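Notes follow the structure.
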Amino acid sequence: MKILVCISKTPDTTSKIAFIEGNTKFDENGVQWIINPYDEWYSLVKAIELKEKDPSVTIHLVTVGGADTEPIIRKALALGGDEAIRVNNLGNDSMMVAQEIAAIAKEGAYDLIFTGKETIDYNSGSIGSMLSALLDTSFIPNATSLDLSGSNIIIKREIDGGEETCEASMPIILSCQKGMAEQRIPNMRGIMAARTKPLKVVEGTITNAYTTIQKFDTPSAKSGVKLIDSGNMDELVRLLKEEAKVI
Amino acid sequence: MVLIYIDQDDQEIKKASFEAISYGAALAKQLGTSAEALLLGTVKDDLAAIGKYGASKVHQVNNLALNNFDAYVNAMVVADAAKALGATVIIFANNINGKAIAPAVGVKLSAGLVAGACALPKTDAGFVVTKTVFSGKAFASIQIETPIKVISVNQNSFGVVVGEGTATVHPLEINAPASKIKITATDKIKGEVPLTEATLVVSGGRGLKGPENWGILLDLAKSLGASTACSRPVSDSDWRPHHEHVGQTGIQIAPNLYIAIGISGAIQHLAGVNRSKTIVVINKDPEAPFFKAADYGVVGDAFEVVPALTAAILKSKASA
């Protein structure tokens, strides 16, 4: 079985979010980069678990980005995976990224393709769905568990207000979220092994973005919290009714 | 023509779709074109009544197989329907299903996508859509460069607009590929509004000290008719079910009112709730970071404040 795990580089959750060049560009100054948590904790670790159960499983990691994404993909390799592919393309929008990954996926004939539920920077969560259309392959979003049952797979996924269990066959694309696996810390052996694992660089071919970011804005700061005396809940109710008009 | 996807669950139209139709209708008006809705499968709702949200027509692909959601199959049918009807903008709710099919529809129509729009597009020069990025910590204005556009609208960002009007219902023949996914079980929380659709949410954190203390929170929620949520440590400790976990890795919500009780307001938690219209924080620690993100704050012991708030709400309702 061959698994392709899509990896994205994102700013750490606690990074200061600021913009430069007339609010057209994210300020990377002082930002610590991490593997997008959904890609790491849920999809990559799930793939590693499958390989631990069945050593014949092959795991490839793919990322679309410049050379500055290599420390991130090495970090992912330290957790697990057999080899990584970096598509050298800045990937100006999700469609470009998906098209590049689809080209890799076609070539590798993978049984399972994992993405994270979304990236924590642009929050679009579009790659899995786009791959589904580009590869004409079934897609199960928001997967919370995956079990193999012969040649079939049993997947649980989040739905609005609950959970659904379904049975599907491979090849299939899954977007992974909480529940799929638990976060792991890479060990020294993994870190050493990652240094010698193959990291193939493929030149990107997609140059045409469908969308362009014109500018960023930061939300206007809240005018400040209005404190209400803990003994005067009638006042809070009044404010919620008359000022906020939410109840 | 602006085409709006109607999301259904168990043959009932989801509330998020009414907001998407309202958004699509407002956009159609702005563009001087018509707003039409698209339903896959069958629903118990009165389709003509969708007119009151601003859709002039409802196109229905009357195929019972489509009552079971399959992201790939639905996307292919929507894309073919959009082509057949000549839609230039396709609107989805940015809920779980909408997120799962809008990007695939974009691929099939060679259309640029903005996922998670939080306002109507600016169409005076170009077509620019604003969306939330960095988990609500910033907005991006995104120009869609393609002739056909796909937008998914963040829930509770535009609101449901109810007017007058009746839609005409038109059957639409579109071939659907066979689904390769078999749904074997659906487990839904009975009798509760899904958190993502709730307008009022009461949420508890570690400050409540243990699951046995949730009674005061449930009473408050009941007095308001609110849904209940919790922070990650609470669901991780199994004090509350996992589906109640809101935050970066849990469910992201945008209710009109979010009341946080005994939650310190870690950045990961805020990422899941900072699109709420009004935030009330109840915490005994005046230094809790959540107060900085709150509209109203009460510094005090939750075990005294929450029952007092419940009593005040009930009193206010009784006098109304």
Side-chain angles (χ1 to χ4, degrees), chain A residues 13-14 17 19 37 93-95 98 120-127 129-130 132-134 137-142 158-169 177-179 209-219 222 225-228 230 233-234 236-237 239-241 244 246-247, chain B residues 9 14 71-72 75 95-96 99-101 103-104 107-108 112-113 115-116 128 132-135 137-146 180-189 194 196 224 248-250 256-257 267-268 277-278 291 293-300 305 308-309 312-313 316:
Chain A
T13 322
T14 54
I17 303 302
F19 302 96
D93 72 356
S94 304
M95 194 68 83
I120 63 167
D121 47 9
Y122 293 105
N123 310 121
S124 292
S126 303
I127 301 297
S129 171
M130 287 178 173
S132 156
L134 290 164
T137 300
S138 295
F139 168 53
I140 296 186
N142 300 77
E158 187 194 326
I159 56 174
D160 281 320
E163 190 180 64
E164 183 179 275
T165 310
C166 45
E167 235 178 81
S169 55
Q177 68 173 48
K178 194 182 172 199
Y210 288 3
T211 59
T212 318
I213 296 181
Q214 286 193 328
K215 68 174 170 90
F216 292 97
D217 292 294
T218 39
K222 289 234 173 192
V225 57
K226 198 176 265 185
L227 287 176
I228 293 106
S230 64
M233 285 304 98
D234 289 335
L236 178 57
V237 172
L239 288 167
L240 292 175
K241 269 179 119 163
V246 287
I247 60 172
Chain B
D9 179 33
K14 286 195 203 163
Y72 175 75
N95 62 359
I96 288 179
K99 272 181 194 170
I101 58 179
V107 168
K108 289 295 176 191
L113 161 78
V128 179
T132 49
V133 290
F134 296 101
S135 306
K137 283 177 273 185
F139 301 102
S141 300
I142 299 175
Q143 161 89 24
I144 303 184
E145 315 277 5
T146 51
K180 292 178 182 166
I181 298 169
K182 195 173 122 201
I183 298 166
T184 53
T186 307
D187 188 12
K188 257 188 285 182
I189 307 115
T196 48
L224 285 166
Q248 176 99 64
T249 52
N256 288 338
L257 173 63
I267 200 158
Q268 290 83 354
K277 294 223 162 65
T278 299
F291 283 115
D295 300 283
Y296 303 104
V298 182
V299 179
V305 172
L309 177 57
I313 287 163
S316 149

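Naming: A, B, ... by sequence-line order, numbering from 1 per chain. These numbers come from the heavy atoms of this one structure, side chains and all, not from hydrogens, waters or symmetry mates. Just so we're clear, the structure is a prediction, and the values are computed from it rather than from any experiment.
- Rounding to the nearest 0.5 Å places CD1 of B:I142 at 7.5 Å from CZ of A:F216.
- Here the side chains of B:S316 and A:K241 are in contact, with some heavy-atom distance below 4.5 Å.
- Contacts of A:M95 with chain B are made by side-chain atoms alone, with heavy-atom separations under 4.5 Å and no backbone atom involved.
- Across all their heavy atoms, A:A133 and B:Y72 have their closest contact at CA-CE1, 4.5 Å.
- Among the candidates A:L240, A:N123, A:V237, A:N142, the residue making the largest number of heavy-atom pairs closer than 4.5 Å to chain B is A:N123.
- Most heavy-atom pairs under 4.5 Å with chain B, from the set A:A209, A:S94, A:A98, A:S138: that is A:S138.
- If you measure heavy-atom distances from B:A75 to chain A, you find no contacts under 4.5 Å at all.
- Ranked by non-hydrogen atom pairs under 4.5 Å with chain A, the options B:A293, B:A115, B:A185 are led by B:A185.
- Across B:Y296 and A:V225, no two heavy atoms sit closer than the pair C-CG2, 3.6 Å.
- B:L113 has its side chain within reach of A:S126: a pair of non-hydrogen atoms, C-beta onward, lies under 4.5 Å apart.
- For B:V128, the part lying near chain A is the side chain, with the backbone staying farther off; criterion is any non-hydrogen pair under 4.5 Å.
- Using a 4.5 Å cut-off between heavy atoms, B:T278 touches chain A through its side chain atoms alone.
- A 4.5 Å side-chain heavy-atom check between B:D9 and A:D160 finds every atom pair outside the cut-off.
- Highest contact tally toward chain B, considering only A:S169, A:G179, A:P37, A:S132, is held by A:S132 [criterion: heavy-atom pairs under 4.5 Å].
- Residue B:L309 forms a side-chain contact (heavy atoms from CB on, under 4.5 Å) with just one option from A:I228, A:L236, A:D234, and that option is A:L236.
- Of the two parts of B:I313, the backbone and the side chain both hold a non-hydrogen atom closer than 4.5 Å to a non-hydrogen atom of chain A.
- Among the candidates A:D93, A:I127, A:L239, the residue making the largest number of heavy-atom pairs closer than 4.5 Å to chain B is A:L239.
- Distance check, rounded to the nearest 0.5 Å: CD1 of B:I183 to CD of A:E164 gives 4.0 Å.
- Nearest heavy-atom pair across B:A71 and A:P141 is CB-CD, 4.5 Å.
- With a 4.5 Å cut-off on non-hydrogen atoms, B:I144 touches chain A through its backbone and its side chain both.
- When all heavy atoms are compared, the tightest approach of B:Q248 to A:I120 is NE2-CG2, 3.2 Å.
- Ranked by non-hydrogen atom pairs under 4.5 Å with chain B, the options A:I140, A:L227, A:I159 are led by A:L227.
- Contact tally against chain B (heavy-atom pairs below 4.5 Å) for A:T211, A:T218, A:I247, A:T14: the top residue is A:T211.
- If you measure heavy-atom distances from B:T196 to chain A, the contacts under 4.5 Å come from the side chain alone.
- Formation of a donor-acceptor pair under 3.5 Å by the A:T165 side chain with backbone atoms of B:T184 is not found in this model.
- Ranked by heavy-atom pairs under 4.5 Å with chain A, the list B:K14, B:K188, B:Q143, B:K180 is led by B:Q143.
- Looking at A:T137, the atoms closer than 4.5 Å to chain B (heavy atoms on both sides) all sit in the backbone: N, CA, C or O.
- Contact annotation for A:D121: both backbone and side-chain heavy atoms come within less than 4.5 Å of a heavy atom of chain B.
- For a residue to count as touching a neighbouring chain, one of its non-hydrogen atoms must lie under 4.5 Å from one of that chain's; by this rule A:E167 touches chain B with backbone and side chain alike.
- Among B:G116, B:G250, B:S135, the residue making the largest number of heavy-atom pairs under 4.5 Å with chain A is B:S135.
- Of the atoms belonging to A:L134, heavy atoms from both backbone and side chain fall under 4.5 Å from chain B.
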